[in-house]
There are 2 protein chains.
Amino acid sequence: MPTQPTPTMHDVARVAGVSVSTVSRVVNNERYVHDETRAKVVDAIAQLGFQRNEAARALRPGQSSDTVGLVVADVANPFFSAIAQGAEEIVREHGHMLIVGNSGLDYQRERDLVQEMLRRRVDGLLVVPTAHDHAELHAELSRWAPIVYVDRAPRGVRADAVVLDNRAGAQRAVDYLIQAGHQRIGYIGGDPAVVTGHHRLAGYKQALRVAGLDFDQALVRFGNHTAEAAEETGVDLLTGPTQADAIFADNNRMTVGALHAIRRVDGGAGLAGFDDVELADLLPRPIALVTHDSIELGRRAARLLFDRIAGTTGPPRRVTHRTQMLIRGG
Amino acid sequence: MPTQPTPTMHDVARVAGVSVSTVSRVVNNERYVHDETRAKVVDAIAQLGFQRNEAARALRPGQSSDTVGLVVADVANPFFSAIAQGAEEIVREHGHMLIVGNSGLDYQRERDLVQEMLRRRVDGLLVVPTAHDHAELHAELSRWAPIVYVDRAPRGVRADAVVLDNRAGAQRAVDYLIQAGHQRIGYIGGDPAVVTGHHRLAGYKQALRVAGLDFDQALVRFGNHTAEAAEETGVDLLTGPTQADAIFADNNRMTVGALHAIRRVDGGAGLAGFDDVELADLLPRPIALVTHDSIELGRRAARLLFDRIAGTTGPPRRVTHRTQMLIRGG
DNA sequence: CTGTTAGCGCTTTCAT
DNA sequence: ATGAAAGCGCTAACAG
């Protein structure tokens, strides 16, 4: 059956034989409504299946849409879906709803999404920013609603952000590879412009430096946008002239690719990676993983956002979540 | 800096020295606006950073909120996040936005979420229903907006749904185990009330029947709600009096649990599972997986929904997606 | 206790 | 080509 127009308070009022204001009072559980009148209204509401139009309600001054927007690169990536999970949890606790959009790491789309969400008058935004400089975007849009950045701070802006301890995490994992006797550790990274990559690379370099190993630019390969690309890069690192004997993978997609590469090459290459990957513990060979609670990351970002929505002012807050290294598999 | 109130068309009109109707015309790209006037308005819009309030716009008769709701059990589960990914893609193509909620497979929460989304006047709903009877819920709420169910049809209702070929998929995987010489195949399932489990169990039974094997109720264990629970169940099946020599896992979480169980027991138990699991191909022992394109599942459901939103009437449509069996790992 | 009124931000006749 | 005015569904004074 085709859908019907939703009944309004006016309809309820007519059926109950009262005025709309009385209906409004009943719906909002206000005092000073005669029990009898209330009963009539409640009946009419049930009979019509009335549900208050929140969009209309939000139009009143001082009211809000009770929605929050979340922009991630790609909800299908376990890292981002964990963020979404955590964010949804907090958002629901606050009686809000979550609008989700995928930027695909495309700046234009990110921009469009944020703008569209603002047009819907979200109370705030959680954004995993693309690599593009955000100075303009942030200045232009954060006037209207608070924005909290997740996983990485955008370029060109000092703004609220909840991030991971990328550098220390990467350093630790790379150090593990070094301690295991590897000397030529390849670095497989994603978009070179994304700042997390830079920090993780810094951790990689630091580990080499501490161990007194030389840094070889040929071992560093950014620009892998899928696990498949990372796999090819991994094979090349391991079998090509670079002669890598281990790999550090920049994020979960890269790790999956690296695992396949190592399997194809079938040498004794070592592997470490940023982010956890499901089933890594069942793999035949040990892998060092920089893990973190990404659901909590989403929660923290959402809490910070609601803090701002509640009116908390002050300088940009930067929350850094710790990571830990786990040796899984083997 | 705290956020400012968003400028309205009225503000723009004042700055541009025209009336709100003229601003509206410019914003909506209507003809019959003098170029000079248009320029003034465009300037004012840019100066103020005006963005049309979509909520207010949607209030006008005949207009819609251009939003769609998606209710899944848990976006962090790769199966559901893939659905979200596919849905988001189509929703965006239609110029809409996606509101996401997690039901946690709790009927009351599902109900609350759907109702809340309806209050926000979503144009339609995509729902992965809980196990509860939906006769009342569906009858009550589908009057206001079209609902398309994803992954499983709700109990007690004939409604639009996009589902998988659960029975045939399970049958094929179980048959694979039988052909591999296994005789006592344990079944690890989730919520016994979820209909997909029933269909998959039917496929399991059918495979046994075809092969002339007896069905043993003791081998069937529903009620595992996490991978950890599935692991314990798996260990019990393999080492307990049931003496299972293989396991069929009902869904991706169960498969992860079963993998751990088999690893703990360390026998030569066979394993098959519904849904794909990342990295399964790298595991040391072969596993039969019933795979499917779950992103496409989300896309199909969303397309069907927009079909209804566009006004297509007719009897409930049931779309069944094919599955395929892959032997991964080994 | 309840109804009348005004108005939120926007679109849409209807005049001019 | 532009403006005035009404109204979408709801809430919030303000009367009574």
Side-chain angles (χ1 to χ4, degrees), chain A residues 4-42 44-45 48-67 116 118-123 144-145, chain B residues 4-42 44-45 48-67 116 118-123 144-145:
Chain A
Q4 313 164 25
T6 323
T8 68
M9 279 196 179
H10 187 257
D11 299 324
V12 176
R14 201 168 20 70
V15 170
V18 299
S19 77
V20 281
S21 14
T22 301
V23 176
S24 175
R25 288 194 186 92
V26 172
V27 169
N28 292 304
N29 254 307
E30 283 174 32
R31 290 160 313 178
Y32 307 132
V33 180
H34 197 89
D35 284 351
E36 215 169 290
T37 318
R38 184 183 299 274
K40 281 193 298 186
V41 173
V42 169
I45 287 176
L48 295 173
F50 168 80
Q51 313 206 57
R52 194 226 271 106
N53 183 331
E54 294 296 334
R57 177 183 155 87
L59 215 53
R60 304 305 334 287
Q63 301 280 9
S64 91
S65 69
D66 286 359
T67 55
E116 181 63 33
L118 250 16
R119 277 196 285 270
R120 315 228 165 190
R121 295 300 183 263
V122 292
D123 295 329
W144 315 125
Chain B
Q4 313 164 24
T6 324
T8 68
M9 279 196 179
H10 188 256
D11 299 325
V12 176
R14 198 167 23 71
V15 170
V18 299
S19 75
V20 279
S21 6
T22 300
V23 176
S24 175
R25 288 192 185 93
V26 172
V27 169
N28 292 303
N29 252 307
E30 282 174 34
R31 290 160 311 178
Y32 307 131
V33 180
H34 198 87
D35 284 351
E36 214 168 289
T37 317
R38 183 183 301 273
K40 281 193 297 186
V41 173
V42 168
I45 287 176
L48 295 173
F50 167 80
Q51 313 210 52
R52 192 221 277 103
N53 182 331
E54 293 296 332
R57 175 183 155 87
L59 216 53
R60 303 308 329 289
Q63 301 280 9
S64 92
S65 70
D66 287 359
T67 56
E116 181 63 32
L118 250 16
R119 277 197 284 272
R120 314 226 167 193
R121 297 297 185 265
V122 292
D123 294 331
W144 314 126

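Throughout, protein chains are lettered first and strands after them, A, B, ... in sequence-line order, and every chain is numbered starting at 1.
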Criterion side-chain contact (heavy atoms from CB on, under 4.5 Å) on A:Asn28 and A:Arg57, from CA distance to verdict: CA-CA 11 Å; A:Asn28 292 304; A:Arg57 177 183 155 87; 3.4 Å; yes
Worked verdict on B:Ile45 versus B:Val41 for side-chain contact (heavy atoms from CB on, under 4.5 Å): CA-CA 6 Å; B:Ile45 287 176; B:Val41 173; 3.9 Å; yes
Where do B:Arg25 and B:Arg38 land on the side-chain contact (heavy atoms from CB on, under 4.5 Å) test, with the steps shown first? CA-CA 9 Å; B:Arg25 288 192 185 93; B:Arg38 183 183 301 273; over 6 Å; no
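From B:Ser19, atom OG reaches atom NE2 of B:His10 across 10.0 Å, with rounding to the nearest 0.5 Å. Note that CZ of B:Phe50 and OG1 of B:Thr8 are 7.0 Å apart. Values are rounded to the nearest 0.5 Å.
When each of D:dA4, C:dG9, D:dC10 is scored by its nearest atom to the side-chain atoms of B:Ser19, the top-ranked nucleotide is D:dA4. The side chain of B:Thr8 lies closest to C:dG9 when the candidates are D:dA1, D:dT2, C:dG9. Comparing C:dC10, D:dT2, D:dG9 against the side chain of B:Asn53 picks out C:dC10 as the nearest. The side chain of B:Val33 lies closest to D:dT2, out of D:dT2, C:dT2, D:dG9. Taking every side-chain heavy atom of B:Met9 into account, C:dT11 is the closest of D:dG3, C:dT11, D:dC10.
Computed from coordinates, the B:Trp144 CH2 to D:dG9 P distance equals 13 Å when rounded to whole Å. Look at CZ on B:Arg14: it is 19 Å from C1' on D:dT2, rounded to the nearest Å. Between B:Asp35 atom CG and D:dA1 atom P the separation is 10 Å, expressed in whole Å. The separation between A:Tyr32 atom OH and C:dC1 atom P is 8 Å, rounded to whole Å. Rounded to an integer number of Å, the gap from A:Leu59 CG to D:dA12 P is 13 Å. The nearest whole Å value for the distance from the CD atom in A:Glu30 to the C1' atom in C:dC1 is 12 Å. The separation between A:Gln63 atom CD and C:dG9 atom P is 13 Å, rounded to whole Å. The distance from atom CZ of B:Arg121 to atom P of C:dC10 is 20 Å, rounded to the nearest whole Å.
Within 6.0 Å of the CD atom in A:Gln4, the count of heavy atoms belonging to other residues, nucleotides or ligands exceeds 12.
Taking side-chain N and O atoms only, B:Arg60 has no distance below 4.0 Å to OP1 or OP2 of C:dG9. Taking 4.0 angstrom as the limit, B:Arg57 places a side-chain polar atom (N or O) nearer than this to OP1 or OP2 of C:dT11. The side chain of B:Thr22 contributes an N or O atom lying less than 4.0 Å from OP1 or OP2 of D:dG3.
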Using a cutoff of under 3.5 Å, can you pull out all pairs of nitrogen or oxygen atoms linking the protein to nucleotides 14-16 of chain C, with atom names and distances?
none

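Closest of all the heavy-atom pairs between B:Leu59 and A:Asn53 is CD1-ND2, 4.2 Å.
Ion pair B:Arg120/B:Glu116 flagged as a salt bridge, since at least one NZ, NE, NH1 or NH2 atom sits closer than 4.0 Å to an Asp/Glu carboxylate oxygen.
Residue A:Ser21 places no side-chain atom within donor-acceptor reach of the base of C:dT5, judged by atom type and a 3.5 Å distance cut-off alone. Between the side chain of A:Ser24 and the base of D:dA12, no donor-acceptor pair under 3.5 Å is found.
In this structure, B:Val18 reaches the sugar-phosphate backbone alone: every heavy-atom distance under 4.0 Å involves primed, P, OP1 or OP2 atoms, never a base.
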